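A, B, ... follow the sequence lines: proteins, then strands. Residue 1 opens every chain. Because the structure is a prediction, the values reported are computed rather than measured.
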Protein chains: 2
Amino acid sequence: MTPNERLSINQATIKYAPLREALRVTADAGITSIGLWRDSVEAASLPEAARLLADSGLRFSSLCRGGFFTVPEGRARRAAMDDNRRAIEETAQLAAAGAAGSAAVLVMVAGGIPQGSKDLAGARAMVQDALGELAADAQAAGVTLALEPLHPMYASDRAVISTLKQALDLASPFSSSVVGVVVDTFHVWWDPELFEQVARAGAEGRIASYQVCDWKTPLAADVLLSRHYPGDGVIDFAAITHAVKAAGYAGDIEVELFNQDIWDTPSADAIARTIEGFEANVALHLGSLSGDARP
Amino acid sequence: MTPNERLSINQATIKYAPLREALRVTADAGITSIGLWRDSVEAASLPEAARLLADSGLRFSSLCRGGFFTVPEGRARRAAMDDNRRAIEETAQLAAAGAAGSAAVLVMVAGGIPQGSKDLAGARAMVQDALGELAADAQAAGVTLALEPLHPMYASDRAVISTLKQALDLASPFSSSVVGVVVDTFHVWWDPELFEQVARAGAEGRIASYQVCDWKTPLAADVLLSRHYPGDGVIDFAAITHAVKAAGYAGDIEVELFNQDIWDTPSADAIARTIEGFEANVALHLGSLSGDARP
């Protein structure tokens, strides 16, 4: 099966594959795009990673990830800002090294409530402040900071940004080329305002990434590892994919799976299963612009 | 320590105590109110439960629970409706048996997506339909159906109603004495619109119950059992309690803890810890009407 041309493998799906292998198994499967993780890029060194990516012929769809902004002012916050500036630079270089159609998108995870604090509103304000500080760097580098709302079950320890509406509100002071949002089905499928906010994100030109994976219960004991192949859970990919498409998003679509069972699968097999799930549940709904299935 | 007079023990906190023991340990601790569970009431029989409650001298703050409405039309749905009618009747009788100040409140959990379905919007519509069907029964019995939005991590298998806004929207066609909402800190603390919606709930007269317990990570492997004593986690009870109070809620405040470690504690000890957590984190903010801490 030749995979749909918009499918991109997020490297987290094949977490144990070093960069060279990740690029190879992705390209060998006929997939034309990949989203990379910083640890893997840094393990190879940025210049070498860019060279390997260019040699692979793959597009680059995003770098995971910047953010973790919820640190009070001081040395730790300065270090976080510097690290985000490096991530912006890495994103720009990787996007330049990828094949035509690569996206200079840096996925941003907000960070949780600071240790010992109960000030959720204050943590959210730190995210706003950090965006204000990094926007000029992102703009200069031609990089879009893509704010990813995470499922509310991660609100305390990973991301104080929990809904698409909230991410769009935070993005609103900035140009859409500088601050966008990620629509990740796992994080937003439950949101009663999802379709309204996807339409808004499209109208504002802010959908910087569309990521797909499924939700199934019981959740894994480590709730971070509870993401499933599209089609294995309860998410209505038809409705959400139609909505994202109707909102004008035409970029790559990443499958990002944190799941110990999938990680324990040989990379090529995990990719084959990913293709199957993507074709049957997502690609099917990319074909024509008719049939917006927004409920 | 004499506990604050608004503290109510939700029976789930001392899950293994049969009704008679639950009433006794609650009253022995100087607490004046209790919220009951149907399984325990039915184990004793309703007339006997009402008699034991009356003898205890405790107020009755709610019955858990009705709902689980997300069943397609047919025999199973009819059975669910009949069961909800019985729960309404139980609520009315228990409220009449409780001490002065008892509340005829039936907590309603919506139910998840039907097995094999991916139609979240359809499941939500089933909840609306069920309320329409039960409202007359509730009104006739003088019972308030209290819709409880559950944390979005339960959206697929337990409650398709995930936010206070959504619960209030569902309640809006009905009189506030017939359909209200539950504000449970564990379920709503993360919501960016929490304070706005609490104020709205107050203005609409729909806060039928305020339940408090804390959120802490890592979540328990069974995410249903991840509720903690107030003060043991990250929830800002000062801000939320001030908001609920400013919204006009003056009823009992239940502590409802699903937590295996707490269940493995002798009931009297669990109640003593509950009182401590409640006094230090919630009761402290009930004193005066000044100082609305809405962020």
Undergrad: Can you tell me which portion of I235(A) sits under 4.5 Å from chain B's heavy atoms? Options are side chain, backbone, both or neither.
TA: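 For I235(A), backbone heavy atoms alone lie under 4.5 Å from chain B.
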
Undergrad: When you measure from the side chain of K118(B) to the backbone of G233(A), do you find a donor-acceptor pair of N or O atoms at a distance under 3.5 Å?
TA: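 Judged by distance alone, yes, a pair lies under 3.5 Å.
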
Undergrad: Hey, are the side chains of E193(B) and K165(A) touching, using non-hydrogen atoms and a 4.5 Å cut-off?
TA: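 Yes, their side chains come closer than 4.5 Å.
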
Undergrad: When rounded to the nearest 0.5 angstrom, what is the spacing between CG in L219(A) and CG in L224(B)?
TA: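 Separation between the atoms: 9.5 Å.
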
Undergrad: Can you establish whether the number of heavy atoms outside Q115(A) located under 6.0 Å from its atom CD is more than 12?
TA: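 No, the 6.0 Å shell around CD holds no more than 12 heavy atoms from other groups.
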
Undergrad: Should P152(A) and M153(B) count as side-chain neighbours, where that means a heavy-atom distance under 4.5 Å?
TA: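 They are not in side-chain contact.
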
Undergrad: What's the spacing between W190(B) CH2 and S156(A) OG if we round to 0.5 Å?
TA: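 Output value for this atom pair is 13.0 Å.
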
Undergrad: Mind ranking S162(B), P218(B), P192(B) by heavy-atom pairs under 4.5 Å with chain A and telling me who comes out on top?
TA: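 Heavy-atom pair counts peak at P192(B).
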
Undergrad: Drop me the distance from T163(B)'s OG1 to D191(A)'s CG, to the nearest 0.5 angstrom.
TA: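 Taking OG1 in T163(B) and CG in D191(A), the distance rounds to 7.5 Å.
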
Undergrad: Between L120(B) and W189(A), what is the shortest heavy-atom contact and its length?
TA: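 For L120(B) versus W189(A), the nearest heavy atoms are CD2-O, 3.5 Å.
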
Undergrad: Contact part of V223(A) toward chain B, heavy-atom cut-off under 4.5 Å: side chain, backbone, both or neither?
TA: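 Side chain only.
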
